[in-house]
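Here the structure comes first, spelled out in structure tokens, and everything after it is commentary.
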Amino acid sequence: MVELKSVHKVYGKKPNEFVALNDVSFSIADGKTVAIVGKSGSGKSTLMHIIGGLDHPSAGEVEINGKVLSQLKRTEMDKFRANDLGFVFQSFFIEGNQSCYQNVALPLEITEVPVRNRRAMITAALEQVELLDKIDVKAKNLSGGQKQRLAIARAIVSKPKLIMADEPTGNLDSATGDKVIDLLFELNKTLNCTLIIVTHDEDLAARCSQQITMKDGQMVSSTEANKS
Amino acid sequence: MKVIDTFKRSGRNLRQAKTRTILTALALAVGGFTLTLTLAAANGAKAYSNRLIATNLDSSSLIVTKDKGLFGQGGGVNTKPQEYDDSLTSLGSRGVLVKELNQADIDKIAKLPGVESVFQTYATNAQYVTTANSKKYTASIQAYNNKISHDFIAGTVSTVVPDGSVVIPDSYLSLLNLGSANQAIGKTVTVKTQQVTGTTKSQDFKIVAVLTTPSTLISGDVGSTLLTSTTDARNIYNFINSGTINANRFLFVSARVVNGNNAQKLNATKATIINAGYAAESAADTQAVIGQIINVLQIIILVFGLITLIASFFGVVNTQYISVLERTREIGLMKALGMGRRSVLGLFVIEATWIGFFGALIGALGAVIIGLSINPWISHKLNFGSDSLLVFKPSQLVGLIIFLMIVTTIAGLLPARSAARLDPIEALRTE
Ligand SMILES: Nc1ncnc2c1ncn2[C@@H]1O[C@H](COP(=O)(O)OP(=O)(O)OP(=O)(O)O)[C@@H](O)[C@H]1O
Ligand SMILES: [Mg+2]
């Protein structure tokens, strides 16, 4: 369960302050697929960072699975991000000089998964994004779409309860994009994880069970499809 | 994050920034190199001075003179007009006057509490030494002192040299056509001595032992000194000096102290002798003077080593700051994925420690390799004899490497701290 209670986010100081999020409240039930849509600059990434505990709301509260994020200590917050969240960032953030294996290994190193268990988990994740043949290739040598899929493999490798993807298909052709989306929906079913996707893609948004529309930092609508 | 993963990750990072890593390590290696050589030279100098003392001075005896100036005390050797004293003798050619000890002094010293006996070397210069089939060579004569360590290469002496026998340094072997050291044993050398009046005397001595020319600086020409029994040395001394002011007068005598190996006893006796109006110095005093010179030199080089180390320290700080800047995105990612501050800190600190390890290893190994290869040459040039100038001790090398690792670890702390405190959002925003 993800719950936002009148979240505000203000950037900058008084005369130049900019309200990126203005009184955003909604809740997402476990196992749902959610699309956050809206124009560029409407606050989608900001919203996602706040849900993921990377950024702190200027006012309001975020509660995830009963934990109020603002009340967590820094180490608890780190643990929460490492164990419960999977991030796919808008601009990948993969480590180009390291191999695909090492990129996907990072979350496992952070959560201190025993070394002997790692290879199986990493191969499984790479297999799901169809990158197994690139396991020892340096990430900088991958194509744009492959990088995006690598970022997804890294987000799913530790089987998090909540996956957040910021425009996961933004750099992909429609065929590859569809594959990635299929993959994410499949994970939602098999792992029963909640999926939050930021997207401009109408079709993708339509496939999700819940759509949250942002405009100038405000949530203009939150519609739930009748099907689950 | 597990320690092993931290190590692997930092190792990978260093390998990716190979050039930078190597250059920083090299900067550090300069400090390590200097410090290693300094330590080695100090070891060598200490070993050398110890041997120098052991082969020239008896640590359980005191050297006694009548003139404090000879030890550099009381304002140096007298150079101003002073009241006449019949113990005054001119020393050297510059008319410097020093007080000498006579037989009455020696008897008095011998009776002082704590003094076991008074030993005199009766050092004099013979006219020459020769054999039947060689040229004539200069030589000085001294009584053999069994309290000083001698490096025999052939034959040996049990406490005293028998009358009519002699111990020669190996420098005479080829000059006097004596063959090898072992062949020389039992052969005879002839010593010619001359009085001021011109009367000469020849005396034959049988070689009982051969010494390596000791690594000496203290008693000057030990390389040309023949060691005889005390009786023989005294007879020669008296023969040469008879009728001169030097007869039965001595610049130095050596006072053997009862239980003189005990520093307390030695110092108590030294005080007694000084109270009796003489000047006295122990081997330890002489060693302290030499040791002080060595220490001063060592401190000077050490300071230079530390200055290069300070430069390398800031080099490491700088490199690590650049590394943190370069990897802002990577740090942001790791933190966004839930890596704690301590792990990020550890990652960067360990990188600095690695640099310290490599730098110190390069510096220390370089110093050892270069040191060992120039050691024979430089030790020869400095007339170190059988000693070497540079003595490397493994424990010191390990200690130095650990020290440098600690230094770079400290240098890495500040940049690592700024990495650990990076805000992941800010970091991820940097393109
Ligand atoms: N640190 C910041 N300081 C000032 N303004 C900021 C900061 N971060 C974001 N903003 C502003 O907040 C607004 C929302 O940004 P956000 O990145 O959430 O947009 P977005 O909806 O994700 O857009 P896009 O679809 O282009 O990714 C933008 O107008 C942006 O300029
Ligand atoms: Mg965005």
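Throughout, protein chains are lettered first and strands after them, A, B, ... in sequence-line order, and every chain is numbered starting at 1.
Using a 4.5 Å cut-off between heavy atoms, Leu337(B) contacts chain A through both its backbone and its side chain. Both the backbone and the side chain of Gln102(A) have a heavy atom closer than 4.5 Å to some heavy atom of chain B. For chain B, the nearby part of Phe89(A) is the side chain; its heavy atoms alone come within less than 4.5 Å. Contact annotation for Arg12(B): only side-chain heavy atoms (C-beta onward) come within less than 4.5 Å of a heavy atom of chain A. Neither the backbone nor the side chain of Leu85(A) comes within contact range of chain B; no heavy atom of the residue lies under 4.5 Å from a heavy atom of that chain.
Of all the heavy atoms in Arg329(B) and Ser91(A), the pair that sits closest is NH2-O, 4.1 Å.
Around CZ of Arg20(B), the count of heavy atoms belonging to other residues, nucleotides or ligands within 6.0 Å exceeds 12. Residue-environment remark: OH (Tyr11(A)) exceeds the threshold of 12 foreign heavy atoms within 6.0 Å.
For the atom pair CD (Glu330(B)) and CD1 (Ile94(A)), the distance works out to 12.5 Å, reported to the nearest 0.5 Å. In this structure, Leu333(B) CG and Asn103(A) CG are separated by 8.0 Å, a value rounded to the nearest 0.5 Å. A distance of 6.5 Å separates CD of Gln98(A) from CG of Asn13(B), quoted to the nearest 0.5 Å. Summarising the geometry, atom CG belonging to Asn97(A) is positioned 12.0 Å from atom CZ belonging to Arg15(B); distances are rounded to the nearest 0.5 Å. Separating the CG atom in Asp5(B) from the CD1 atom in Ile110(A) is a distance of 10.0 Å, to the nearest 0.5 Å. Here the CD-CE distance, from Glu112(A) to Met1(B), works out to 9.0 Å after rounding to the nearest 0.5 Å.
Leu106(A) has its side chain within reach of Met334(B): a pair of non-hydrogen atoms, C-beta onward, lies under 4.5 Å apart. Contact annotation: the side chain of Lys2(B) never approaches that of Glu109(A) to less than 4.5 Å [non-hydrogen atoms, C-beta and beyond].
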Give the intermediate values and the outcome of salt bridge (Lys or Arg N to Asp or Glu O under 4.0 Å) for residues Glu95(A) and Arg9(B). CA-CA 12 Å; Glu95(A) 294 173 72; Arg9(B) 221 155 234 285; 3.6 Å; yes
